[in-house]
Amino acid sequence: MIEYAKAPDVEKSARDIIATLQLNHLDLQRIQFYRSRGSKSRGVQARIHGLGRIWFDALQMEPNYIIEVISERFDQLESEEKDKVIIHELMHIPVGFSGGFVPHKGRITTRKVQTLYENYLKVARTPVSNA
Ligand SMILES: [Zn+2]
């Protein structure tokens with residue numbers, strides 16, 4: 001039996017990443033963050049969930065996403081790796097925030113995640129000028 005709990009720590013990291021990288025298409029009001037325990041899936045640190053667009057039409061709601069981190073794997077990672085996992089999952093959300101997913105193939109690569117992560121560090125470390 002998988003147990004789910006809200007993951008405010010993951011949400012906070014995502015908030016920092018989105019603000020720093022100015023990923024303005026990502027509406028945090030419509031992304032939920034969960035931590036699961038007891039998942040049988042091996043090798044998975046996190047995943048993103050959505051619903052087909054027809055569901056959002058039928059439920060008369062805007063598209064929403066859920067990013068789930070798998071406690072057994074995610075929580076063992078260094079914070080740098082955690083941030084990269086979060087960046088990876090956020091990259092699955094298309095610019096149109098349609099409810100669909102950006103596929104891995106050519107779009108979400110280790111290298112692209114690394115580049116975004118390095119930009120994130122660079123911007124985050126740049127002191128804000130008061131001049
Ligand atoms: Zn992925």
Side-chain angles (χ1 to χ4, degrees):
M1 182 75 170
I2 303 180
E3 284 174 36
Y4 297 105
K6 289 266 191 187
D9 56 320
V10 180
E11 178 166 8
K12 190 195 173 299
S13 300
R15 186 181 299 276
D16 289 347
I17 290 164
I18 289 169
T20 305
L21 293 175
Q22 296 185 295
L23 304 173
N24 299 323
H25 63 288
L26 297 176
D27 179 358
L28 269 169
Q29 307 277 17
R30 295 196 276 143
I31 310 172
Q32 311 295 320
F33 297 87
Y34 273 83
R35 171 176 275 100
S36 67
R37 286 194 174 80
S39 168
K40 294 275 189 288
S41 38
R42 306 204 176 260
V44 181
Q45 298 158 335
R47 55 193 162 205
I48 185 162
H49 303 265
L51 288 172
R53 277 196 299 139
I54 194 168
W55 278 98
F56 298 116
D57 187 86
L59 298 172
Q60 296 189 304
M61 63 189 280
E62 297 284 306
N64 276 257
Y65 292 91
I66 302 169
I67 289 177
E68 172 198 359
V69 299
I70 316 299
S71 172
E72 289 87 345
R73 305 198 70 94
F74 181 83
D75 292 342
Q76 293 177 8
L77 300 173
E78 306 279 345
S79 75
E80 176 178 328
E81 293 304 314
K82 284 182 179 164
D83 284 343
K84 287 186 204 169
V85 167
I86 294 167
I87 289 170
H88 176 118
E89 298 309 323
L90 290 172
M91 286 173 81
H92 277 297
I93 301 175
V95 172
F97 215 93
S98 58
F101 298 105
V102 174
H104 285 128
K105 202 162 190 226
R107 311 275 295 278
I108 306 175
T109 59
T110 309
R111 192 167 171 174
K112 286 188 179 178
V113 171
Q114 182 67 29
T115 303
L116 273 179
Y117 178 71
E118 282 167 16
N119 288 346
Y120 170 56
L121 287 189
K122 216 182 291 171
V123 179
R125 279 183 191 151
T126 305
V128 178
S129 168
N130 291 319

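Just so it is clear, the structure is predicted and the values come from calculations on it, not from any experiment. Basis for what follows: all heavy atoms, side chains included, without hydrogens, waters or symmetry-related copies. One-based numbering, in listed order, for ligands and for the atoms of each.
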key: Donor-acceptor pair between Gln45 and Lys82 side chains, under 3.5 angstrom   =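 Side chains of Gln45 and Lys82: no pair found under 3.5 Å.
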ask   = Would you say Lys112's side chain and Gly106's backbone share a donor-acceptor pair under 3.5 angstrom?
value =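 Yes, the answer is positive, given that a donor and an acceptor are paired below the 3.5 Å cut-off.
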query = Just wondering, are more than 12 heavy atoms of other shown residues or ligands nearer than 6.0 Å to CG in Leu59?
reply =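 Counting other residues, nucleotides and ligands, CG of Leu59 exceeds 12 neighbours.
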inquiry  = Does Arg53, at its CZ atom, have more than 12 non-hydrogen atoms belonging to other residues, nucleotides or ligands within less than 6.0 Å?
reply    = no
I'd like a table of donor-acceptor pairs (distance under 3.5 Å, sequence neighbours excluded) in which one partner is a side-chain atom from residues 95-104, with atom names and distances.
residue: Ser98; atom: OG; partner: Gly100; partner atom: N; Å: 3.2
residue: His104; atom: NE2; partner: His88; partner atom: NE2; Å: 3.1
residue: His104; atom: NE2; partner: His92; partner atom: NE2; Å: 3.1

query = For Arg107 and Met91, what are the C-alpha separation, side-chain angles and deciding distance, and is it a side chain to side chain contact (heavy atoms under 4.5 Å, CB included)?
reply = CA-CA 8 Å; Arg107 311 275 295 278; Met91 286 173 81; over 6 Å; no
request  = Could you pull out the N/O/S protein atoms under 2.8 Å of the Zn ion (ligand 1), ignoring any water?
outcome  = His88 NE2, His92 NE2, His104 NE2
